[in-house]
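Okay, structure first, notes after.
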2 protein chains.
Amino acid sequence: MRLTRAGEYAIRCMVYLAHKGKGIQVSKQEIAERADIPAHFLAKIAQDLARAGLIAIKQGPKGGYSMLKNPEEISLLEVVEVMIGEIFLNDCVGRPRTCKASKQCSVHKVWEEARAQLRRTLGKVNLAELSESDSCIPVFLVHN
Amino acid sequence: MRLTRAGEYAIRCMVYLAHKGKGIQVSKQEIAERADIPAHFLAKIAQDLARAGLIAIKQGPKGGYSMLKNPEEISLLEVVEVMIGEIFLNDCVGRPRTCKASKQCSVHKVWEEARAQLRRTLGKVNLAELSESDSCIPVFLVHN
DNA sequence: ATAAATAAGATATTTAATGTCCTATATACA
DNA sequence: TGTATATAGGACATTAAATATCTTATTTAT
Ligand code: SF4
Ligand code: SF4
């Protein structure tokens, strides 16, 4: 796996929205500034998040983004995988056909185990936890 | 982190050498063929492995590569990190200065934990285990 | 209607991975 | 000692992906 900038930005965006609460609408500009995300890039990321059913997008004046679910219901894993696809550490775990050895390969098994462990770790934490305590909110968000 | 082709090839090369045993010399061509690695690419990878002290390279006729340590002494993590550098899942874990929030960030802590866990998992397995049992040897290696 | 705000897609720009090629160097052996 | 063999080392080409920006279209509050 590789956490891309888009992935990192998506997390920041979701944590910011989670901090506001479910259904609270926030403008793209505000999110971009406070979470330090290039505004145009955020637009693309928001489209992905909306397509995945995580946020609602409202157009027009007073438009903006809002969370569709409760922050507790969204895991970090979910946000990450919306942006970068299902997590794998080695290609052969996701597409075993890419290596004819995969069935017998002990290295393959290690990558599978490591992957499962990683997804468990990321799946365990939700956006509520990540946004609720002071220490969970990136410092560039504090002045609100 | 992202396991590059170079990383995957390095693992195959080391597993193949481990299968032969410490100090046993094998030609570049043999490794390239049996482990399905582009020969020219293997040359570059071997240079990295040699620089890291994992293998010895002998030039000239009857030249080739050989393991310098016992397979039990080399972990999968070691091989991977020689090729792709120290493992991180998010940039901010390796270079906290890239994000001013890193000190206070709860997401950051999750990435740190996940990283430690991953490195532990890869550090636990060594090349002896990976090469010893039949099932550990990729099928393209069996005819030896 | 108008202006504000995002949508959607096209298009750079940058960066990294991957693979190849060429010349140099080391070494076994005739 | 010379020659053929095999790798070293660095330069270069190709490909792919991430990142960012720009333009035009659409939606909607007023
Ligand atoms: S050799 Fe094993 S780890 Fe490597 S690509 Fe094949 S199955 Fe995966
Ligand atoms: S917001 Fe947190 S997780 Fe994201 S880059 Fe900054 S410190 Fe790392």
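- Residue Y9(B) places at least one side-chain N or O under 4.0 Å from the OP1 or OP2 atom of dG19(C).
- With Q117(A) contributing its side chain and L118(B) its backbone, the two residues share no donor-acceptor pair below 3.5 Å.
- Remark: K58(A) is not in phosphate contact with dA7(C), judged by side-chain N or O atoms under 4.0 Å from OP1 or OP2.
- Dashed line: the shortest gap from a side-chain N or O of T4(A) to OP1 or OP2 of dT19(D) is under 4.0 Å.
- Looking at the side chain of F41(B), the nearest of the listed nucleotides dA11(D), dA3(C), dG19(C) is dG19(C).
- Regarding contacts with the backbone of dG9(C), every side-chain N or O of Q47(A) stays at 4.0 angstrom or more from both OP1 and OP2.
- Note on K109(A) versus E129(B): no salt bridge recorded, every NZ/NE/NH1/NH2 to OD/OE distance being 4.0 Å or above.
- Each of dA11(D), dT7(D), dA20(D) was ranked by its minimum atom distance to the side chain of P38(A); first place goes to dA20(D).
- Both Q59(A) and G7(A) lie close to DNA chain D; mapped to their nearest nucleotides by heavy-atom distance, the more 5′-ward contact belongs to G7(A).
- Candidate nucleotides dA20(D), dA29(D), dT6(C) were compared by shortest atom distance to the side chain of Y65(A), and dT6(C) ranks first.
- Under 4.0 Å is where a charged nitrogen must lie from a carboxylate oxygen, and between E33(A) and K28(A) no such pair does.
- Under 4.0 Å is where a charged nitrogen must lie from a carboxylate oxygen, and between K22(A) and E73(A) no such pair does.
- Residue contacts shown for A46(A) are absent, as no nucleic acid heavy atom lies under 4.0 Å away.
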